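Read through the structure below, which is laid out as structure tokens, and then see the notes.
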2 protein chains.
Amino acid sequence: MSFMNFNKSTEYAFRILGFLALDERKIYSTDEIYNKVKIPYRYLRKQLTNLTKKGLINSVQGKHGGYRLTKKKSEISLYDIVVCMEDGVLSNECFFGYTDCHLIEKCAMHDKWEEISSSLNNLLKTMNLADITRKEYPAFF
Amino acid sequence: MSFMNFNKSTEYAFRILGFLALDERKIYSTDEIYNKVKIPYRYLRKQLTNLTKKGLINSVQGKHGGYRLTKKKSEISLYDIVVCMEDGVLSNECFFGYTDCHLIEKCAMHDKWEEISSSLNNLLKTMNLADITRKEYPAFF
DNA sequence: AGAAAATAATACCTCTGGGTGTCATTTATG
DNA sequence: CATAAATGACACCCAGAGGTATTATTTTCT
Ligand code: SF4
Ligand code: SF4
């Protein structure tokens with residue numbers, strides 16, 4: 001039982017970008033992506049144009065069109081992806097959900113919570129699309 | 001910037017139960033709680049009766065009524081609170097949000113993700129309402 | 001030029017979490 | 001017994017996430 005989770009769109013972005021990272025030069029069509037990535041077709045379409053608007057991928061219109069990463073896979077960290085997707089999310093540093101903690105000293109949870117949350121941030125910052133597509137590991141789709 | 005967060009009701013539950021833990025025998029009225037806990041009044045009311053139905057607190061109706069913990073504060077872990085509140089949440093073990101990963105070997109993210117998520121679970125399981133109200137620490141409200 | 005194959009735009013639907021508003025019920029006490 | 005002070009029960013509302021459907025645009029190919 002885990003309580004951490006990103007929102008679906010972010011998870012989908014991981015999958016999509018991870019898939020595109022297999023060959024960063026190639027232009028993948030929606031259908032090619034669809035077969036691997038287990039995302040409802042219409043929603044995938046929407047996400048792809050969203051990712052395009054957000055600048056994470058380039059789109060090529062017209063026949064033989066499709067999508068490809070805007071940057072080299074080693075230059076896109078998971079952290080980049082999350083901040084890009086989760087923009088609406090107010091940065092929530094407080095275990096109790098306070099946005100305005102005026103405590104001078106920290107409460108019993110503060111440091112423990114921060115430790116975990118910073119180790120998550122660390123993980124996201126150190127892992128990039130190249131890392132998660134290394135051939136030592138099986139692909140996640 | 002942190003991406004972990006429980007839903008608001010769970011955070012509210014932490015605050016409410018943490019407050020009630022100050023004196024586990026005392027019966028606190030909604031108004032007493034309201035002044036400390038920074039939750040919209042009507043919603044607080046609703047949450048209090050929810051927590052009652054869920055069995056985390058007892059309510060006393062009528063004049064001089066209010067709420068108090070059902071168990072000793074040292075016997076209610078944060079984990080208990082979270083599972084109780086977040087019941088609808090499907091246990092999400094997969095970084096990519098898959099519910100049916102058929103990989104025999106684990107992908108590049110699996111172990112790293114699991115490590116963080118299990119250290120969170122650990123924290124929640126080891127901390128209880130007595131722990132977070134120790135006088136060494138300032139109260140979180 | 002025109003058909004085919006792709007993405008873009010737009011509009012809508014549905015469900016849930018968070019939040020409000022009103023009235024009903026319970027209980028202590030003068 | 002009547003009133004006041006508390007909680008309980010409902011019945012809404014709203015915004016946003018996730019998802020669907022339809023039509024428009026862009027490009028290639030014959
Ligand atoms: S000290 Fe406690 S209440 Fe204040 S921000 Fe940190 S975790 Fe939240
Ligand atoms: S191996 Fe990877 S894809 Fe499979 S459950 Fe673990 S994290 Fe998810």
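Every chain is numbered from 1, with letters handed out A, B, ... down the list of sequences. If you're wondering where the values come from, they're calculated on a predicted model, not measured in any experiment.
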Along DNA chain D (nearest heavy atom to each residue), the more 5'-positioned of A:Ser9 and B:Lys63: B:Lys63
Touch class at under 4.0 angstrom, heavy-atom based, for A:Gly62 against every strand present: base
Gap between atoms OH and C1', on A:Tyr41 and D:dG18 respectively (whole Å): 18 Å
Per A:Thr30 side chain, nearest of listed nucleotides C:dA9, C:dT7, C:dT29: C:dT7
B:Glu75 atom CD: more than 12 heavy-atom contacts under 6.0 Å: yes
Mutual orientation of the aromatic rings belonging to B:Phe95 and A:Phe14 [parallel < 30°, tilted 30-60°, perpendicular > 60°]: parallel
Protein-nucleotide distance (B:Glu86, atom CD; C:dT16, atom P), rounded to Å: 15 Å
Spacing between A:Leu44 atom CG and C:dA8 atom C1', to the nearest angstrom: 14 Å
Short side-chain N/O contact to C:dG19 OP1/OP2 from B:Arg42, under 4.0 Å: no
Donor on one side chain, acceptor on other, B:Asn122 and B:Ser119, under 3.5 Å: no
Distance-only polar pair, side chains of B:Ser9 and B:Tyr43, donor-acceptor under 3.5 Å: yes
B:Arg45 side chain, from C-beta outward: closest of D:dG19, D:dT7, C:dA28: D:dT7
Greater than 12 external heavy atoms within 6.0 Å of B:Lys26's NZ: yes
Nucleotide D:dT7, atom P - distance to CG of B:Asn50 in whole Å: 14 Å
Among D:dT28, D:dT7, D:dG19, the nucleotide that comes nearest once only the side chain of A:Lys46 is considered: D:dG19
Below 4.0 Å: OP1/OP2 of C:dA5 and any side-chain N or O of A:Ser29: no
Side-chain N,O (B:Tyr28) to OP1/OP2 (D:dT7) below 4.0 Å: no
Given D:dT25, D:dG8, D:dG18, the nucleotide with the shortest approach to the side chain of A:Gln61: D:dT25
Nucleotide D:dA17, atom P - distance to NZ of B:Lys8 in whole Å: 15 Å
Side chains of B:Thr10 and B:Asn7, donor plus acceptor under 3.5 Å: yes
Contact under 4.0 Å: B:Ser59 side-chain N or O vs D:dG8 OP1/OP2: yes
Euclidean distance, atom CD of residue B:Glu32 to atom C1' of D:dA6 [Å, nearest integer]: 12 Å
Rounded distance in Å - CD1 (B:Ile33) to P (D:dT7): 8 Å
Sugar-phosphate only, base, or nothing, as touched by B:Tyr67 at under 4.0 Å among non-hydrogen atoms: sugar-phosphate
Length of the line joining B:Ile39:CD1 and C:dG19:P, which is rounded to integer Å: 9 Å
Shortest side-chain distance from B:His64, nucleotide among D:dG19, D:dT20, C:dT29: C:dT29
Nucleotide nearest A:Tyr43 when distance is taken to its side chain, options C:dT20, D:dG8, D:dG19: D:dG19
